[in-house]
Amino acid sequence: MTSHLCGQQSIEVLNVIKPAKIKGLGVVFTSHTLPHVLEVTDRITMLRLGEVVADRPTPDFTGDTLLKQITGLA
């Protein structure tokens, strides 16, 4: 989660996740920062009120479709 980090710290976290991803390691990344989510994930599972509302490969999403899923307007 990067929401409480300053800009440089967020970049550092992302720079740790990217090599882990390349090595095939699993990483659970929780964030409300949609550009970060789209940048470092292969798959997105989205929860709303404790229920899975979306679970698809990242390329199936755009910033707009993520926002619609988050708000329940999809």
Side-chain angles (χ1 to χ4, degrees):
M1 182 174 239
T2 58
S3 62
H4 296 291
L5 303 176
C6 72
Q8 182 58 38
Q9 291 170 325
S10 292
I11 291 169
E12 289 174 20
V13 168
L14 297 176
N15 287 336
V16 169
I17 293 172
K18 290 175 188 176
K21 176 181 167 182
I22 291 169
K23 291 179 182 178
L25 298 174
V27 176
V28 176
F29 179 67
T30 304
S31 179
H32 291 99
T33 308
L34 302 185
H36 290 174
V37 171
L38 292 170
E39 181 180 348
V40 299
T41 61
D42 294 320
R43 182 169 198 85
I44 296 172
T45 301
M46 188 176 303
L47 303 173
R48 186 180 325 106
L49 301 173
E51 300 288 326
V52 174
V53 295
D55 181 20
R56 297 192 301 274
T58 300
D60 289 356
F61 292 98
T62 65
D64 287 340
T65 59
L66 280 175
L67 190 57
K68 287 177 182 176
Q69 287 286 339
I70 290 169
T71 60
L73 299 176

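Applying the under-4.5 Å side-chain rule to Ile, Leu, Val, Met, Phe, Trp and Tyr, the cluster around L47 extends to V52.
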Query raised in the report: Stepwise, does the side chain to side chain contact (heavy atoms under 4.5 Å, CB included) test hold for R43 with D55?
Result: CA-CA 7 Å; R43 182 169 198 85; D55 181 20; 2.9 Å; yes
Report task. Could you go through the side chain to side chain contact (heavy atoms under 4.5 Å, CB included) check for L66 and M46 one step at a time? Result -> CA-CA 9 Å; L66 280 175; M46 188 176 303; 3.3 Å; yes
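Between atom OG1 of residue T30 and atom NE2 of residue H36 there is a gap of 14.0 Å, rounded to the nearest 0.5 Å. Note that OG1 of T65 is 7.5 Å distant from CG of L38, once rounded to the nearest 0.5 Å.
At least one donor-acceptor pair under 3.5 Å links the side chain of T58 to the backbone N or O of T41.
In plain terms, the two heavy atoms of F29 and L14 that are nearest each other are CZ-CD2, 4.0 Å. Nearest approach of V53 to R48, heavy atoms of both residues: CG1-NH1, 3.5 Å.
With contacts defined as side-chain heavy-atom distances shorter than 4.5 Å, the pair I70/L34 qualifies.
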Compile the donor-acceptor pairs under 3.5 Å between side chains in residues 16-25 and protein atoms, sequence neighbours left out, one pair per line.
{"unit_1": "K18", "atom_1": "NZ", "unit_2": "E39", "atom_2": "OE2", "d": "2.5"}
{"unit_1": "K21", "atom_1": "NZ", "unit_2": "D42", "atom_2": "OD1", "d": "3.3"}

